[in-house]
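Values below: every heavy atom of this structure, side chains too, minus hydrogens, waters and symmetry copies. Just so we're on the same page: letters track the sequence lines, and every chain starts at 1.
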Amino acid sequence: MEMYNHKKIEKKWQKIWEKKKDWQAKDFSKKTKYYSLVEFPYPSGEGLHVGHTRSYAAMDVISRKRRMEGYNVLFPIGWDAFGLPTENYAIRTGIHPKIATKKNTDNFRRQLKSLGFSFDWSREINTTDPNYYKWTQWIFLQLYKHGLAYKKKMPINWCLSCKIGLANEEVIDGRCERCGSLTEKREKEQWMLKITKYANRLLKDLEKVDYLEKIKTQQENWIGKSEGAEIEFPISNSKFLIKVFTTRADTIFGATYLVIAPEHPFVQEQITNHKSQITNKSEIQNYINKVKQKSELQRTDLSKEKTGVELKGIKAINPANKKEIPVFVADYVLSTYGTGAIMAVPQHDERDAEFAKKFNLPFSNAPLVDADEIIKKINAKKTTQYHLRDWVFSRQHYWGEPIPMIFCNKCGWQPINEKDLPVKLPDVKKYQPTDTGESPLANIKKWVNTKCPKCGGPAKRETDTMPNWAGSNWYFLRYCDSKNKKSLADFKKLKYWMPVNWYNGGMEHTTLHLLYSRFWNKFLYDIGFAPASEPYQKRTSHGMILGEDGEKMSKSRGNVINPDEIVKNYGADAYRIYQMFMGPFDQAIPWDPRGIEGARRFLNKIWNLGRKISLKKNFSSLETLIHQIVKKVGEDIEATKFNTAISALMILANEFEKEKKLRVKDYTLLLTLLAPFAPHMTEELWSQLGNKKSIFLEPWPKYDPKKIKEKTFQLVVQINGKLRDSFAAKSDISEEEAKILTLKRENVKKWIRDKKIIKIIFVPNKLINIVTN
RNA sequence: GCCGAAGUGGCGGAAUUGGAAUACGCGUACGACUCAAAAUCGUAUGGUCUUACGACCUUGAGGGUUCAAGUCCCUCCUUCGGCACCA
């Protein structure tokens with residue numbers, strides 16, 4: 001037998017698999033379908049990251065196991081290729097993003113193929129391909145036609161460095177999610193998507209899906225539903241009313257003042273209205289100006305002291321007890337949530353208490369009342385508020401899908417005729433956003449100037465592009481029919497494949513990407529273009545792979561692991577085994593270069609075990625263990641406990657090694673269980689045993705529950721809960737018999753001596769515990 | 001500040017139900033093979049005390065429940081993740 005030469009056999013099998021098209025999914029096959037999905041990568045110039053392959057290796061194991069279980073598996077891959085790094089590269093080098101993307105995807109494809117993932121490459125997609133983004137644009141048009149896309153001038157987060165507007169969701173600690181520089185507020189006309197219309201369904205339908213509990217919690221928190229009431233507080237001696245939102249209507253008798261947000265229309269109106277009764281207008285105006293300069297980060301910093309100004313000269317009336325109470329403007333109340341005004345109850349709310357202490361406002365220990373009754377009595381309205389806000393969908397960048405809209409001076413915003421899709425990205429000379437913050441597309445007059453689709457008069461194209469979330473919002477649908485030219489995907493095919501049975505990806509995508517794509521899928525479901533109301537039946541997430549130093553892998557730290565080198569030196573199978581064995585799948589874990597050597601050693605051991613095969617041997621002394629291992633490996637894979645599945649396989653291999661001879665049957669069973677993890681080596685050994693068909697056409701091994709049970713076991717003897725002895729006993733030994741055998745033992749006698757036995761606890765097939773005085 | 005997860009050898013980690021803590025792998029030491037090395041194989045490997053048999057201690061800290069606690073309860077500490085003046 002030859003030595004295990006990974007270079008030779010991995011290339012060999014990759015070629016054969018590709019030629020035989022073994023991993024191509026068959027539309028409408030009579031087998032039960034199984035759709036396993038991984039997040040398609042952004043093809044960066046740096047090449048494949050080990051983090052990608054952790055997820056891909058895991059879902060490849062699942063997909064290969066499913067095929068062996070008789071499913072028709074769809075396991076697709078593609079490229080989420082629009083995005084800033086490529087655009088920034090273009091700005092730096094002048095190389096067209098299209099060319100850089102081609103180069104990067106070619107490299108990624110080569111890398112993924114070298115790892116032997118069983119992707120159906122015939123369905124490969126690329127979000128930057130006009131044949132793909134035609135349908136991204138088409139979906140936008142449908143959103144527009146159904147009133148879910150609208151343009152709005154609003155304060156948005158403006159990244160000073162990227163020169164683009166960011167959604168609230170994309171600002172982290174007041175900084176741009178992409179480049180990390182500070183953001184400020186600016187007014188800009190933006191295309192918005194009305195995701196808030198779906199808030200309740202996005203929340204409620206979480207009941208229907210099997211996501212990790214922590215992922216569900218994240219979605220729930222982001223949507224942030226709260227039930228409460230809108231209560232009107234009249235302003236004394238005026239026609240004005242201030243509406244507050246509260247979840248604690250029951251505390252209304254303790255409300256001793258009102259607070260409104262600095263952006264609240266009432267304040268704005270009052271300080272400009274010369275008839276207003278307010279006596280300290282300039283003080284209020286000064287305060288508002290100060291707040292404007294603050295970033296959201298500063299405003300929402302919990303450790304800062306509360307600030308605010310009283311609106312002197314006016315009072316509000318508490319509708320519950322008709323008492324007059326003062327009104328403040330303060331920045332701890334936000335205009336974007338609820339009604340932008342609150343009733344402050346220092347007795348029951350910490351923030352209100354802090355503010356009240358600072359401004360010497362009274363605490364009222366008025367009794368709590370029944371919320372429903374008081375709401376009825378004061379004629380307030382029960383309402384529901386969501387934390388979720390509409391999605392800012394415009395970007396002032398080149399490398400994204402053009403938003404397919406046209407502005408006509410006569411007719412206003414008009415959608416492009418569907419027959420004119422796709423709106424292709426034109427070539428530009430400079431990729432840099434303009435100083436005004438407009439997209440580089442704005443400089444191409446020939447492209448911008450067009451005709452109004454409605455009146456035929458002169459009109460201008462929208463020059464903003466879509467965020468890079470757009471393409472990834474519906475890609476799972478396109479995989480079902482990736483070449484379709486007439487529709488985003490044939491409905492019958494969608495109906496066959498959807499929903500995705502199992503979706504795995506990074507924890508960092510479990511809030512935004514998941515929410516956005518669920519939103520688009522629900523919309524497409526509503527208008528009859530998607531067959532399932534929830535796109536993903538099951539969602540899991542893998543932990544990050546950190547550098548050897550325990551820090552996040554990054555170029556600047558110099559701790560990046562290049563998969564190519566590992567594959568070259570140890571082989572794809574060793575790489576995959578190590579990644580699956582390194583630790584719990586959902587936890588972050590540092591890369592250990594020695595771990596890969598252990599994985600390789602394990603594969604060598606399996607390879608060399610082949611020498612022990614004997615045709616003469618026809619019984620197995622390890623039958624019980626084998627059945628136990630089959631059970632464990634299968635169950636662990638399903639529970640994403642890949643590390644213990646492999647450890648079980650190692651135990652089996654170690655036992656096999658202790659045997660002088662090995663049955664063919666036992667050896668092939670080990671190969672079959674190992675096949676999803678180490679596909680190349682097992683396929684090679686399988687064929688060396690004389691098998692003509694792929695090992696992946698073998699059925700996944702089954703175990704016999706009756707054969708799992710051991711004939712004997714070590715009965716543990718405890719005295720007062722401490723381990724003192726153990727001996728082999730028949731399985732299912734009776735309590736009586738166990739007691740007799742235990743009390744006969746010298747070790748036991750020694751410990752008991754003249755002590756009195758108070759009681760004896762017997763746990764079947766486990767232990768016996770003697771309690772003495 | 002709130003929510004969530006976690007804390008186990010020199011290291012990554014295991015322990016489905018409360019029932020032998022440290023599986024499996026890495027590392028280390030010694031041995032076998034070898035002229036030698038590598039590879040491979042074998043043995044040992046939580047700590048303290050003991051010549052030894054063995055005893056005692058040990059799952060972030062402290063307390064509790066229990067015949068029995070890594071696992072359950074209480075208090076506290078630390079780390080990671082998420083959210084954050086959301087009324």
S.K.: Among B:C26, B:A87, B:U16, which nucleotide has an atom closest to any side-chain atom of A:R594?
M.R.: B:C26

S.K.: Closest to the A:P584 side chain: B:G13, B:U16, B:C24?
M.R.: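 The answer is B:G13.
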
S.K.: Salt-bridge test for A:E746 and A:K749: reply yes if a basic N is under 4.0 Å from a carboxylate O, no otherwise.
M.R.: yes

S.K.: Only pairs at least two apart or in different chains count here, so list each salt bridge (charged side-chain N to carboxylate O under 4.0 Å, His left out) that has a residue in residues 242-257 of chain A.
M.R.: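 Those involving residues 242-257 of chain A are A:E230-A:K243, A:R248-A:D250.
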
S.K.: Please list all pairs passing the ring pair (Phe, Tyr, Trp, His ring centres under 6.0 Å) test where one or both residues lie in residues 705-740 of chain A, with sequence neighbours left out.
M.R.: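 Non-adjacent pairs meeting ring pair (Phe, Tyr, Trp, His ring centres under 6.0 Å): zero.
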
S.K.: Report the distance from atom OH of A:Y257 to atom P of B:A87, rounded to the nearest whole Å.
M.R.: 16 Å

S.K.: Return the nucleotide paired to B:A87: Watson-Crick means purine N1 to pyrimidine N3 with N6-O4 or O6-N4, wobble means G-U with N1-O2 and O6-N3, both under 3.5 Å.
M.R.: none

S.K.: Roughly how far apart, to the nearest Å, are B:C72 and B:U17 at atom P?
M.R.: 10 Å

S.K.: Determine the Euclidean distance between corresponding C1' atoms of B:U65 and B:A14; express it in Å to zero decimal places.
M.R.: 27 Å

S.K.: State which of B:C24, B:C41, B:U16 makes the closest approach to the side chain of A:M650.
M.R.: B:C24

S.K.: Just by distance, do the side chain of A:E659 and the backbone of A:K612 share a donor-acceptor pair under 3.5 Å?
M.R.: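 No.
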
S.K.: In whole angstrom, give the distance that lies between atom NZ of A:K641 and atom C1' of B:C24.
M.R.: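 Going from A:K641 (NZ) to B:C24 (C1'), I get 14 Å.
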
S.K.: Need to verify one output field. Residue with the more 5' nearest nucleotide on RNA chain B, A:Q587 or A:A648?
M.R.: A:Q587

S.K.: At under 4.0 Å between heavy atoms, which parts of nucleotides 54-60 of chain B does protein reach? Answer with one letter per nucleotide, 5' to 3': B base, S sugar-phosphate only, - none.
M.R.: -SSS---

S.K.: Considering only the P atoms, how many Å lie between B:G7 and B:G12, rounded to the nearest integer?
M.R.: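 That atom pair is separated by 12 Å.
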
S.K.: In whole Å, measure the gap between the C1' atoms of B:G46 and B:G42 for me.
M.R.: 23 Å

S.K.: Determine whether the side chains of A:Y386 and A:T196 contain a donor N or O and an acceptor N or O closer than 3.5 Å.
M.R.: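 No pair is found: no donor N or O on one side chain lies under 3.5 Å from an acceptor on the other.
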
S.K.: Report the base-pairing partner of B:A29 (Watson-Crick or G-U wobble, both distances below 3.5 angstrom), or none.
M.R.: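 By the stated definition (distances under 3.5 Å), B:U43 pairs with B:A29.
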
S.K.: Take atom CG of A:L652 and atom P of B:G25, then tell me their distance rounded to the nearest Å.
M.R.: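 A:L652 atom CG is separated from B:G25 atom P by 13 Å.
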
S.K.: With respect to the side chain of A:Y332, which nucleotide from B:C85, B:G25, B:A87 is positioned closest?
M.R.: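 From the listed options, B:C85 comes nearest.
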
S.K.: Would you indicate which nucleotide in B:A87, B:G13, B:C83 comes nearest to any side-chain atom of A:F245?
M.R.: B:A87

S.K.: Tell me the interatomic distance from A:I589, atom CD1, to B:G81, atom P, rounded to whole angstroms.
M.R.: 16 Å

S.K.: Please report the distance, rounded to the nearest Å, between CD1 in A:I223 and P in B:C3.
M.R.: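 To the nearest whole Å, that distance equals 20 Å.
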
S.K.: For A:K706, which residues count as a side chain to side chain donor-acceptor pair (under 3.5 Å) partner, sequence neighbours excluded?
M.R.: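 Side chain to side chain donor-acceptor pair (under 3.5 Å) check on A:K706 returns nothing, list empty.
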
S.K.: Ignoring hydrogens and geometry beyond distance, is a side-chain donor-acceptor pair present between A:H542 and A:N504 at under 3.5 Å?
M.R.: yes

S.K.: Between B:C57 and B:C11, how far apart are the P atoms? Round to whole Å, please.
M.R.: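 My reading of the P atoms in B:C11 and B:C57 gives 24 Å.
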
S.K.: Would A:E227 and A:Q385 count as having a side-chain donor-acceptor pair, cut-off 3.5 Å?
M.R.: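 Result is no, nothing qualifies.
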
S.K.: Measure from the ring center of A:Y578 to the ring center of A:W591 and say whether it is less than 6.0 Å.
M.R.: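 Here the rings of A:W591 and A:Y578 have centres that are less than 6.0 Å from each other.
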
S.K.: When you measure from the side chain of A:I342, which nucleotide among B:G27, B:C85, B:A87 comes out closest?
M.R.: B:A87

S.K.: Can you tell me the base-pairing partner of B:C76? Count Watson-Crick or G-U wobble geometry only, both distances below 3.5 Å, and say none if there is no partner.
M.R.: B:G60

S.K.: Roughly how many Å apart are B:C33 and B:A21, using the C1' atom of each and rounding to a whole number?
M.R.: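 Rounded to whole Å, the distance is 37 Å.
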
S.K.: How would nucleotides 18-23 of chain B be written as a contact map, 5' to 3', with B for base contact, S for sugar-phosphate-only contact and - for no contact, using protein heavy atoms under 4.0 Å?
M.R.: -BB--B

S.K.: Going by the ring pair (Phe, Tyr, Trp, His ring centres under 6.0 Å) test, which pairs reach into residues 625-651 of chain A, not counting sequence neighbours?
M.R.: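 As it turns out, the ring pair (Phe, Tyr, Trp, His ring centres under 6.0 Å) pairs with a partner in residues 625-651 of chain A, which skip direct neighbours, are A:F585-A:F642.
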
S.K.: I'd like the C1' distance from B:C2 over to B:A84, given in whole Å.
M.R.: 7 Å

S.K.: If I take atom CD1 in residue A:I629 and atom P in nucleotide B:C24, what distance separates them, rounded to the nearest angstrom?
M.R.: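 The answer, rounded to whole Å, is 11 Å.
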
S.K.: When both hydrogen-bonding distances must be under 3.5 Å and the geometry is Watson-Crick or G-U wobble, what is B:U34 paired with, if anything?
M.R.: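 Result: none.
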
S.K.: Considering just the side-chain nitrogens and oxygens of A:R601, establish if one lies under 4.0 Å of OP1 or OP2 belonging to B:A39.
M.R.: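 The answer is no; no side-chain N or O of A:R601 sits under 4.0 Å from OP1 or OP2.
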
S.K.: Taking pairing as Watson-Crick or G-U wobble with both contacts under 3.5 Å, can you name the mate of B:A15, or confirm there isn't one?
M.R.: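 B:A15 is paired with nothing.
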
S.K.: Tell me the interatomic distance from A:E227, atom CD, to B:A87, atom C1', rounded to whole angstroms.
M.R.: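 Rounding to the nearest Å, CD of A:E227 and C1' of B:A87 are 15 Å apart.
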
S.K.: Looking only at atom C1', what distance separates B:G64 and B:G54, rounded to whole Å?
M.R.: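 32 Å, rounded to whole Å.
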
S.K.: Taking the side chain as C-beta and beyond, is there a heavy-atom pair between A:E310 and A:Y257 under 4.5 Å?
M.R.: no

S.K.: Paired with B:G70 by Watson-Crick or G-U wobble geometry, both distances under 3.5 Å: which nucleotide is it?
M.R.: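 Here B:G70 is not engaged in any pair, so there is no nucleotide opposite it.
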
S.K.: Quick one: which of B:A87, B:G25, B:G27 gets closest to the side chain of A:V333?
M.R.: B:A87

S.K.: Rounded to the nearest angstrom, tell me the gap between atom CG in A:N720 and atom P in B:C67.
M.R.: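 Checked: the CG to P distance equals 11 Å.
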
S.K.: Could you check which nucleotide pairs with B:U48 in any of the strands shown, counting Watson-Crick or G-U wobble with both distances under 3.5 Å?
M.R.: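 Matched B:U48 with B:A55 under the 3.5 Å cut-off.
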
S.K.: So which of A:N318, A:D352, A:T251 actually passes side chain to side chain contact (heavy atoms under 4.5 Å, CB included) with A:M343?
M.R.: A:T251

S.K.: The side chain of A:T247 is closest to which nucleotide in this list: B:A87, B:G13, B:C24?
M.R.: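 The closest nucleotide is B:A87.
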
